[in-house]
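Numbered from 1 within each chain, the chains take letters A, B, ... in sequence-line order. None of the values given here were measured: they were computed from a predicted structure.
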Protein chains: 2
Amino acid sequence: MKNKVTIKDVAKYAGVSPSTVSRVLNNYLHIKPDKRQKVEEAIKELNFEPNEIARSLITNKSKTIGLVVDDISNPFFSETSKVIILKARQLGYEILIYDTSGEEDLKKTLKFLLSRNLSGIIVGSVSRYDQNFEELVGESIPVVYFNRKPEKSNFFSVTMDNKKGSKMTISHLIQKGHSRIAFIGGPFEYSTYYDRYLGYYESINEFGLTIDEELILKGKPTNDYIQNFVTRILSKPDRPTAIVASTDQIAITVLDAIEKNNFRVPNDVAVIGFDNIQVSSNPYIGLTTISQQKSKMAELALNTLILLIEKNLKETPEDVVISPKLITRKTT
Amino acid sequence: MKNKVTIKDVAKYAGVSPSTVSRVLNNYLHIKPDKRQKVEEAIKELNFEPNEIARSLITNKSKTIGLVVDDISNPFFSETSKVIILKARQLGYEILIYDTSGEEDLKKTLKFLLSRNLSGIIVGSVSRYDQNFEELVGESIPVVYFNRKPEKSNFFSVTMDNKKGSKMTISHLIQKGHSRIAFIGGPFEYSTYYDRYLGYYESINEFGLTIDEELILKGKPTNDYIQNFVTRILSKPDRPTAIVASTDQIAITVLDAIEKNNFRVPNDVAVIGFDNIQVSSNPYIGLTTISQQKSKMAELALNTLILLIEKNLKETPEDVVISPKLITRKTT
DNA sequence: TTGTATGCGTTATCAA
DNA sequence: TTGATAACGCATACAA
């Protein structure tokens, strides 16, 4: 059942001109009901499916949205991507997915993406300094930053209030009686990590505790790096009684490191993560975490983009900021 | 920097005809070196990027591969998708991702996909009985089944020997001294789950143990379903000392259920999963599992598809079967 | 070896 | 309200 039926075949079958068929397809007004019906019958009968490629060539839109992520195998991205993919299809759009991991030359590949007449782009992972999208995409098609945003931006964005999230972890821990609280950060080139760090730093001060740089891990946290750090801080005489990890994935590694050092969670050490990925809710892990309400965030990003695409108006960019939610489980 | 430069502009700039530019673009032979060079210079100078949509309209190919998965938020799929996405781009193809979850009418949406002149499709999740792809796609574009395949198939496939994988779990457990081994299956409409079940069943017999239907959970394993099952079998006087779970995700829930029943892993109960997803290797979980070498599988599927696309020859379909590997960790 | 003309399947423009 | 025709950007048959 090859898809070789064209608009012409439908036109012939229905006894009208191709333009009329096109008009029916695009829900034009002012079509005589009987003709419309004939066309619709012909479409059904011939099993006609409009060729999106041809459409796209002339309209410069493709009913395809580019989704740029850092690492699709990261549960945060795969889980949000799912929301975006499903919702998009529901609205008649497909998703072209782009995983930037290990990308040296974003410019080149971005141009490749753009050569497909994308209707719009959702960028799930952009560094704080990146200007590629602003420069290359410019005003040609709508772009929405999601999860992270660069410091200089002329596009819409949907992000979480990461600073606030961090503060929530600290106040939760303080309420539980902790006062020595360690922090494991991530690459500061991303706003998510950077803001979480800032939130930690500020709230430790605000609550009248003292910052101990030895309890703070900066830089890209590899497994070994985390293991060593945890071992080191837990062996201190004034060891911390709680650890805030920048992501759930880090937190899970922290859980292991704590166990390896023969401490127990949460009695000896409490642990909090960020993101509320699926495994965190698995009772075996039961990680207390800051939820960024990622489904809501993803849906909002998509809706914003679709609005920009379909209204086709250049409103002044808006930054939607979602509030974090603390989800208490057994690690605190 | 809008992408408004066309082949005509390049032609004008280089002082040649558009067709010559096209020939350079497509690496034709018989082009005078000096003209070729002029064209190449013009392309660089004008920052020209061929419009893939226009190309696709005429060639009926789109340098886009459809990737159909059941659930992209499932780590197995997100991790294999990543391999496919990266490898594909390296070869000049983009990935249109399609998540079928909750799809009632695959036919309709498949047609929508096909209306985009996809170069080929990789199907990561097809039921044993599905004939949609065979019927709708037919010979129009290449299709490769990946991970799962239907019982009747005229397409290439790349899968793991799931039966063998199951047998490996049993022989591993028997070697460790277990003889009462429970099994948690999944939806039998998928070949992966079905074959893993068959492998369990057959090898229990082959090793001279007796099948106890009460130790076998069939059907779609929800969390509650798993929890209840584990609680039930562990409270039996002749309780099992090992549990084989059809996937790592199930296994992790099993770990929790075991803990809730105050048994310890692996001393009281051993656990094995399938898939070797990333979290399983996290030392905190340390799940023994059967690896299907999913990266290798994914790459093989893509390579097969690309070969079919570019050779454009209809070879007789082949079923590539990958050998499972046992990865021993702390749960057995 | 190169240029001209045509067409891919659709929408947009114009006239009727 | 409808139809004829051009156009989208490119690849290709054919001519030169």
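The stretch residues 7-23 of chain A touches DNA chain C through A:Ile7, A:Ser19, A:Ser22, A:Arg23, each having a heavy atom within less than 4.0 Å of the strand. The stretch residues 31-42 of chain A does not touch DNA chain C, since none of its heavy atoms comes less than 4.0 Å from the strand.
For the OP1/OP2 pair of C:dT11 and a distance below 4.0 Å, the side-chain nitrogens and oxygens of A:Asn26 include at least one atom meeting the criterion. The shortest distance between the side-chain N/O atoms of A:Tyr28 and the OP1/OP2 oxygens of C:dA12 is below 4.0 Å.
Using modelled atom types, one finds a donor on one side chain and an acceptor on the other under 3.5 Å when comparing A:Arg148 with A:Ser125.
Where DNA chain D meets chain A (any atom under 4.0 Å from a heavy atom), the bounding nucleotides read 5' to 3' are D:dT1 to D:dG9.
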Exercise for review: Take B:Lys87 and B:Glu299, measure what salt bridge (charged side-chain N to carboxylate O under 4.0 Å, His left out) needs, and give me the verdict at the end.
Suggested key: CA-CA 7 Å; B:Lys87 189 80 186 170; B:Glu299 208 172 320; 3.6 Å; yes

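Taking atom CG of residue B:Leu57 and atom C1' of nucleotide C:dC8, one finds them 4 Å apart after rounding to whole Å. Put simply, CG on A:Asn27 is 14 Å from C1' on C:dT11, counting in whole angstrom units.
Between the B:Thr100 side chain and the B:Val69 main chain, a donor and an acceptor come within less than 3.5 Å of each other. No donor-acceptor pair closer than 3.5 Å links the side chain of A:Ser22 to the backbone N or O of A:Pro18. A donor-acceptor pair is defined here as one N or O able to donate and one able to accept, closer than 3.5 Å; no such pair exists between the side chain of A:Ser73 and the backbone of B:Ser78. Using a distance-only test at 3.5 Å, with no hydrogens or angles considered, no donor-acceptor pair links the side chain of A:Ser153 to the main chain of A:Pro150.
Both B:Ile58 and A:Glu52 lie near DNA chain C, and the one whose nearest nucleotide falls closer to the 5' end is B:Ile58.
With salt bridges taken as basic N to acidic carboxylate O contacts below 4.0 Å, one links B:Glu151 and B:Arg128. Using a cutoff of 4.0 Å between basic side-chain nitrogens and carboxylate oxygens, B:Glu52 and B:Arg55 are scored as salt-bridged. Look at A:Glu79 and A:Lys294 and you find a salt bridge, because one of the NZ, NE, NH1 or NH2 atoms lies within 4.0 Å of a carboxylate O, short of that distance.
Relative to the ring axis of B:Phe112, B:Arg116 places its NZ or CZ within 45° and under 6.0 Å from the centre.
Residue-level contact check: B:Asn60 touches neither bases nor backbone, having no heavy atom under 4.0 Å from any strand.
Five base pairs at each end of the helix from C:dT1-D:dA16 to C:dA16-D:dT1 define two local axes, and these are offset by 40° (rounded to 10°).
For the side chain to side chain contact (heavy atoms under 4.5 Å, CB included) test, residues two or more places apart in sequence or in another chain that qualify with B:Ala298 are B:Thr80, B:Val83, B:Ile84, B:Phe146. With sequence neighbours excluded, the residues forming a side chain to side chain contact (heavy atoms under 4.5 Å, CB included) with B:Lys296 are B:Gln293, B:Ile322, listed by chain and number.
Atom NZ of B:Lys82 has more than 12 neighbouring heavy atoms from other residues, nucleotides or ligands inside a 6.0 Å radius.
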